[in-house]
There are 2 protein chains.
Amino acid sequence: MANVETKQLTEAQDRFVAAWGKMGTAWGISRTMAEVHALLYITGEPLCTDDVMERLQISRGNASMSLRALLEWGIVERVHRRGDRKEYFHAEQDVWVLFRAIVRERMKREVDPMRASLYEIRDMTSERAGERGGKDAKDPALAAHNKRIDSMLEFLETMEKMSASFVSPAGRGLQAAAKILGFVGGRAEPRPTGSKPDSEREAG
Amino acid sequence: MANVETKQLTEAQDRFVAAWGKMGTAWGISRTMAEVHALLYITGEPLCTDDVMERLQISRGNASMSLRALLEWGIVERVHRRGDRKEYFHAEQDVWVLFRAIVRERMKREVDPMRASLYEIRDMTSERAGERGGKDAKDPALAAHNKRIDSMLEFLETMEKMSASFVSPAGRGLQAAAKILGFVGGRAEPRPTGSKPDSEREAG
DNA sequence: CGTCACTTTCAATTTCTTCTGAAACTTCTG
DNA sequence: CAGAAGTTTCAGAAGAAATTGAAAGTGACG
């Protein structure tokens with residue numbers, strides 16, 4: 001039967017979906033959301049809510065929520081087909097674009113608030129706040145504390161700047177850097193198995 | 001009372017612990033573990049299990065588990081005091097060292113397994129596996145699938161190499177890069193609120 | 001402007017994690 | 001070696017998060 005390959009493919013897709021889902025949870029993304037994304041990525045073609053539901057065996061609500069979240073993250077886009085009222089969803093296919101979107105979102109959602117908190121916390125114990133003495137090296141414990149908060153802040157600022165310039169400007173900062181610095185260039189060491197030269201590239 | 005400052009300090013520490021804990025959960029680290037680390041970091045001095053239990057209001061078992069996990073991550077170390085049988089714990093104070101340790105561990109725990117899975121998955125559908133035909137461009141869908149897996153793999157390899165050379169070698173790759181590239185250098189822009197001139201700086 | 005074809009929402013439920021606390025264990029000390 | 005001081009383990013309890021499914025919402029089409 002011609003379906004030997006189809007079966008192989010389906011099985012491989014399932015494994016990919018599972019692996020991606022597992023990784024997602026480790027990074028604070030709900031398993032289902034990661035799985036939905038994996039499915040869209042690995043099939044490569046637009047799927048509708050029902051496709052996702054069926055393939056992943058999840059409820060309509062869950063599928064809908066996950067898809068919307070993915071849209072918000074900017075790594076999946078709506079596709080309309082003429083003559084079909086249904087909405088289809090298509091995952092970004094360029095891994096680097098995907099990565100940039102993820103970094104951007106995570107910085108926005110997790111690092112920025114942390115930074116804001118740190119500013120507030122610093123202001124709680126800044127010399128100005130103690131006010132009365134006017135002096136500064138009053139309490140060495142307080143000074144040490146402030147120093148720790150400040151180095152944390154300085155670190156976050158640096159990360160922020162780096163990620164910003166890697167993620168946004170012309171678009172492909174990190175990728176370019178990786179190429180220039182010689183990190184890119186195909187398989188690490190030619191593994192016994194696959195040996196395809198990096199013929200493809202430049203997806204998006 | 002001299003405790004005005006002490007109270008301020010304690011409060012600031014609590015806020016820091018809470019913020020850090022919240023961030024931890026977003027990155028797949030249990031809240032308590034993150035909080036314990038935050039406490040050790042922000043107090044700066046070695047604390048024993050009971051100190052942690054009391055300050056964080058958690059059970060002995062929980063404190064013990066969290067501390068051990070932090071040791072495994074390599075971001076907290078045991079300290080012994082002569083004439084005292086208790087074990088004390090001290091958190092790494094250099095933010096960059098901390099960051100490197102975290103990256104190293106996360107790569108090891110989450111990226112490496114993913115990479116391994118991807119290799120397996122690729123082998124499921126590599127040309128060799130289909131065997132019968134011996135040819136290669138047989139099924140275009142299969143080929144496209146393989147291409148996707150491969151670009152994912154290539155991406156992970158690149159990240160792996162970059163993080164490795166940023167994280168391990170002489171030790172301070174990223175930090176040096178940041179400095180050279182001009183990302184480091186104090187507050188981004190003077191925020192509207194805390195207008196305090198950046199008199200302090202240079203923490204670690 | 002009512003109906004149809006979908007999509008979204010949300011309270012109840014299920015599932016998964018984390019936390020507790022007491023018992024078991026280890027290791028020093030006299 | 002018995003006892004004290006401290007640490008680790010783990011089964012069950014508590015809590016948090018994800019999932020369901022049915023009801024409400026949306027808007028295009030005739």
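Letters go in sequence order (proteins before strands), and every chain restarts at 1.
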Under a 4.0 Å heavy-atom cutoff, the residues of residues 42-66 of chain B touching DNA chain C are B/Gln57, B/Ile58, B/Ser59, B/Gly61, B/Asn62

Sorted by chain and number, sequence neighbours left out, salt bridge (Lys or Arg N to Asp or Glu O under 4.0 Å) with B/Glu92 holds for none

- Task: Answer yes or no for A/Arg106 and B/Trp27: cation-pi contact, defined as NZ/CZ to six-membered ring centre under 6.0 Å and angle to ring axis within 45°.
- Result: yes

By nearest-heavy-atom nucleotide on DNA chain C, the more 5' of A/Arg68 and A/Arg31 is A/Arg68

Practice prompt. Taking the side chain as every heavy atom from C-beta outward, state whether B/Tyr119 and B/Leu153 have any atom pair closer than 4.5 Å.
Written response: yes

Salt bridge (Lys or Arg N to Asp or Glu O under 4.0 Å) filter on B/Arg148, not counting sequence neighbours, yields none

With sequence neighbours left out, the residues meeting side chain to side chain donor-acceptor pair (under 3.5 Å) with A/Arg81 are none

Hits for side chain to side chain donor-acceptor pair (under 3.5 Å) against B/Glu11, two or more places apart or cross-chain, chain-then-number order -> none

Contact span of DNA chain C against chain B, any nucleotide atom under 4.0 Å from a heavy atom, 5' to 3', runs C/dT18 to C/dT29

Residues at least two apart in sequence or cross-chain that pass side chain to side chain donor-acceptor pair (under 3.5 Å) with A/His37, listed by chain then number, are A/Trp20

Under 3.5 Å, N/O pairs linking protein and nucleotides 26-30 of chain D:
from: D/dG27; atom 1: N2; to: A/Arg85; atom 2: NH2; distance (Å): 3.1

Side chain to side chain donor-acceptor pair (under 3.5 Å) filter on B/Arg85, not counting sequence neighbours, yields none

Contact check, residues 16-30 of chain B vs DNA chain D, heavy-atom distance under 4.0 Å, returns none

Open item on the list: Quick one: does any side-chain atom of B/Glu77 pair with a main-chain N or O of B/Phe89 as donor and acceptor, under 3.5 Å?
Closed with: no

Check whether A/Asp51 reaches the backbone of A/Cys48 with its side chain - one donor and one acceptor, N or O, closer than 3.5 Å. yes

To the nearest angstrom, the CG-C1' distance between A/Leu67 and D/dT19 comes to 15 Å

The complete set of salt bridge (charged side-chain N to carboxylate O under 4.0 Å, His left out) pairs with one or both residues in residues 52-71 of chain A, sequence neighbours excluded, reads A/Asp14-A/Arg55, A/Asp50-A/Arg60, A/Arg68-A/Glu72

dist B/Asn62:CG -> B/Met33:CE (nearest 0.5 Å) comes out at 11.5 Å

Residue pairs meeting salt bridge (charged side-chain N to carboxylate O under 4.0 Å, His left out), one or both in residues 15-24 of chain B, sequence neighbours left out, come to A/Glu120-B/Arg15

